[in-house]
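So the structure is just underneath, and the comments pick up after that.
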Amino acid sequence: MEAEANSGSPEDSWAFIQRPGEGCRTVPLAGHVGFDSLPDQLVNKSVSQGFCFNILCVGETGLGKSTLMDTLFNTKFEGEPATHTQPGVQLRSSTYDLQESNVGLKLTIVSTVGFGDQINKEDSYKPIVEFIDAQFEAYLQEELKIRRVLHTYHDSRIHACLYFIAPTGHSLKSLDLVTMKKLDSKVNIIPIIAKSDAISKSELTKFKIKITSELVSNGVQIYQFPTDDESVAEINGTMNAHLPFAVIGSTEELKIGNKMMKARQYPWGTVQVENEAHCDFVKLREMLIRVNMEDLREQTHSRHYELYRRCKLEEMGFKDTDPDSKPFSLQETYEAKRNEFLGELQKKEEEMRQMFVQRVKEKEAELKEAEKELHEKFDRLKKLHQDEKKKLEDKKKSLDDEVNAFKQRKTAAELLQSQGSQAGGSQTLKRDKEKKNNPWLCTE
């Protein structure tokens, strides 16, 4: 029988191989195997590695973002209070190591400092979008490395965005709608009404209805707690109807009855943070931390990050199928992209060469024109020099003539003067001689 089975053609042999998804049979086990311990193995491995969770708090300054974080995790996170004098929106990230029982959590809280404080709020959402994309890009770059260390890589992607809404009691601000619309495809948005004790219960109910209506009419997709898991479907379905959560934060503990409870003391009474009749803080904590934290992490990876990754790889030229709807291999994509890149590189080199030749020609023409101007200027200066030289020579000749004439006149004058002095001396000698010869001339 075995010989007959192996005597067929290779095609017949391969026909026995079952392709994935082409009918999977269920067979019973004759005894205990042990793979039912896989969930326990997974839990033990996850606990030993620890977990990470990243929260982005978006909202105007003074809405109690830091206080709510302290209240949620029952601790005091260190942080500098923000002011209203920021020139723009800045994102401040802080990471903390938390331990509860034997479970470790690396918590990262990112706050938007200066959000909504500017006169021109048109681009207030851009730093937030850029920050979220930067975290996606960092994870993608780590994923594309040849040697990946994703099991030790600190995942900084934002898992949940708590959007703090000011308790105006009227409607959402344009800034809130624009920002949430820009963020809904990149992060899980959970809208919350901050400092909800600032408005009455009736106003709060109307405010929630108004917010939900505006989000739906503007097409803003907020995070919906999953209802596909039977164990949490009922509570999540109920909590989806309570969105947005109206919360109050406080780290101050007051004695109410016989218990110390987190509360806020007012002249008119006390607001208990963990009293569901006073606010939705307990609902938020249950949904965010105790029930849906893993789903938020999964949604970030499988939905938002996958969307960013797909768009980024498509920009890089990678596709799943070719124009004929056939599977596209990574090698073929790489070769096609490489050839395209080489073609663009050669085209750019040719354009740069032509541009270089053109600039050289233009420079040569400029140099020739400058050389021509220099020659013309040299000729003008040379002619001017010659004219000046001729004038100087003429002037020198004129001066020489004047000097010669002066010398001639001087010589003539000296000659006349010497002749005159000689004539005067001879007359004096003649007169003296006559006096000696005729003494009577002396008496006279």
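Computed from a prediction, not measured in an experiment: that's the story for all the values here. Atoms considered below: every heavy atom in the structure, side chains included; atoms not considered: hydrogens, waters and symmetry mates.
Shown here for V58 and T179, the closest heavy-atom pair between the two residues is CG1-CG2, 4.5 Å. Here the shortest heavy-atom pairing between H304 and F136 reads CB-CZ, 3.9 Å. When every heavy atom of Y305 is checked against every heavy atom of H301, the shortest pair comes out as CB-O, 3.5 Å. Nearest heavy atoms, Q272 versus A263: CA-CB, 4.0 Å. In terms of heavy-atom proximity, M260 sits nearest to E253 at CE-O, 3.7 Å. Scanning all heavy atoms of the two residues, the minimum distance from T270 to H278 falls at O-CE1, 3.8 Å.
If you check the side chains of E203 and S200, you find a donor sitting under 3.5 Å from an acceptor. Using modelled atom types, one finds a donor on one side chain and an acceptor on the other under 3.5 Å when comparing T300 with N188. Residues N292 and N236 bring a donor and an acceptor atom of their side chains to less than 3.5 Å of each other. In this model, a donor atom of one side chain and an acceptor atom of the other lie less than 3.5 Å apart for K262 and N74.
The environment of Y266 atom OH is dense: over 12 non-hydrogen atoms of other residues, nucleotides or ligands sit within 6.0 angstrom. In the displayed structure, E100 atom CD is contacted under 6.0 Å by at most 12 heavy atoms of other residues, nucleotides or ligands. Residue R338 places its CZ atom among 12 or fewer non-hydrogen atoms of other residues, nucleotides or ligands, all under 6.0 Å distant. Enclosure of atom CD in Q141 by more than 12 non-hydrogen atoms of other residues, nucleotides or ligands within 6.0 angstrom is indicated. When the shell of 6.0 Å around CE of M352 is examined, it contains 12 or fewer heavy atoms from other residues, nucleotides or ligands. Other residues, nucleotides and ligands contribute more than 12 heavy atoms inside 6.0 Å of the CZ atom of F77. No more than 12 heavy-atom neighbours from other residues, nucleotides or ligands sit within 6.0 angstrom of CD on E230. The local environment of NZ in K181 is crowded, with over 12 non-hydrogen atoms from other residues, nucleotides or ligands closer than 6.0 Å.
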- Check the pair D123, K126 against salt bridge (Lys or Arg N to Asp or Glu O under 4.0 Å), reporting the backbone distance first and the verdict last. CA-CA 6 Å; D123 298 332; K126 287 185 177 180; 3.6 Å; yes

- Begin with the C-alpha distance, continue with both residues' side-chain angles, and end with the deciding distance and a verdict on side-chain contact (heavy atoms from CB on, under 4.5 Å) for M239 and I235. CA-CA 6 Å; M239 290 304 169; I235 184 173; 4.3 Å; yes

- Query: Does the side-chain contact (heavy atoms from CB on, under 4.5 Å) test come out yes or no for I132 and L56, once each step is laid out?
  - Reply: CA-CA 9 Å; I132 296 173; L56 171 64; 4.0 Å; yes

- After noting the C-alpha distance and the side-chain angles of D197 and R264, does the key distance pass the side-chain contact (heavy atoms from CB on, under 4.5 Å) rule? CA-CA 10 Å; D197 53 343; R264 300 186 73 90; 4.0 Å; yes

- Walk me through it: do M287 and F245 pass the test side-chain contact (heavy atoms from CB on, under 4.5 Å)? CA-CA 10 Å; M287 292 296 98; F245 293 133; 4.0 Å; yes

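Under a 3.5 Å cut-off, the side chain of K390 and the backbone N or O of D387 do not form any donor-acceptor pair. Side-chain atoms of S101 never come within 3.5 Å of backbone atoms of V103 as a donor-acceptor pair (strictly under, hydrogens ignored). A distance-only check finds no donor-acceptor pair linking the side chain of S398 to the backbone of D394 [under 3.5 Å]. Between the side chain of K65 and the backbone N or O of E60, at least one donor-acceptor pair lies under 3.5 Å. Using a distance-only test at 3.5 Å, with no hydrogens or angles considered, no donor-acceptor pair links the side chain of N218 to the main chain of V220. The main-chain N or O of S250 is found under 3.5 Å from a side-chain atom of T71 such that the two form a donor-acceptor pair. Side chain of S196 to main chain of I193: no donor-acceptor pair is present (N/O by atom type, distance under 3.5 Å, no hydrogens or angles). Under a 3.5 Å cut-off, the side chain of Q135 and the backbone N or O of F131 do form a donor-acceptor pair. With hydrogens and angles disregarded, no donor-acceptor distance shorter than 3.5 Å links the side chain of S213 to the backbone of I209.
Between M180 and D176, the closest side-chain pair of non-hydrogen atoms falls below 4.5 Å. Contact of the P167 side chain with the L63 side chain is registered, since non-hydrogen atoms from C-beta on lie closer than 4.5 Å. Between T227 and V232, the closest side-chain pair of non-hydrogen atoms is not below 4.5 Å. Between V89 and D117, the closest side-chain pair of non-hydrogen atoms is not below 4.5 Å. Side-chain contact between I192 and Y163 is absent, with no heavy atoms from C-beta onward closer than 4.5 Å. Contact check for H159 versus C52: side-chain heavy atoms found under the 4.5 Å cut-off. Using a 4.5 Å heavy-atom cutoff, the side chains of I128 and T112 are in contact. Taking 4.5 Å as the limit, every side-chain heavy atom of S156 sits out of range of all side-chain heavy atoms of T108.
Put simply, the residue from R309, K312, R157, K186 that forms a salt bridge (Lys or Arg N to Asp or Glu O under 4.0 Å) with D133 is K186.
Separation of atoms OG (S185) and CG (L307) is listed at 6.0 Å; rounding is to 0.5 Å. Rounded to the nearest 0.5 Å, atoms CG (L296) and CD1 (I190) are 5.0 Å apart. K201 contributes atom NZ, which lies 10.5 Å from atom SG of C279 (distance to the nearest 0.5 angstrom). To the nearest 0.5 angstrom, L91 atom CG is 10.5 Å from C57 atom SG. To the nearest 0.5 Å, atoms CG (L162) and CD1 (I109) are separated by 9.5 Å. Note that CG of L72 and CD1 of I289 are 5.0 Å apart. Values are rounded to the nearest 0.5 Å.
For an aromatic pair to be called close, the ring centres must be under 6.0 Å apart, and Y139 with Y153 satisfies this. Taking the six-membered ring for Trp and the full ring otherwise, Y223 and F225 have centroids separated by under 6.0 Å.
Look at E298 and R303 and you find no salt bridge, because none of the NZ, NE, NH1 or NH2 atoms lies under 4.0 Å from a carboxylate O. Salt-bridge formation is not detected for the pair E350/K347: no Lys NZ or Arg NE/NH1/NH2 atom is positioned less than 4.0 Å from an Asp or Glu carboxylate oxygen. A salt bridge does not link K397 to D400: none of the charged side-chain nitrogens sits closer than 4.0 Å to a carboxylate oxygen. A salt bridge links D280 with K208: the closest approach of a Lys/Arg side-chain nitrogen to an acidic carboxylate oxygen falls below 4.0 angstrom. For the pair E393 and K396, the salt-bridge criterion is not met [side-chain N within less than 4.0 Å of a carboxylate O].
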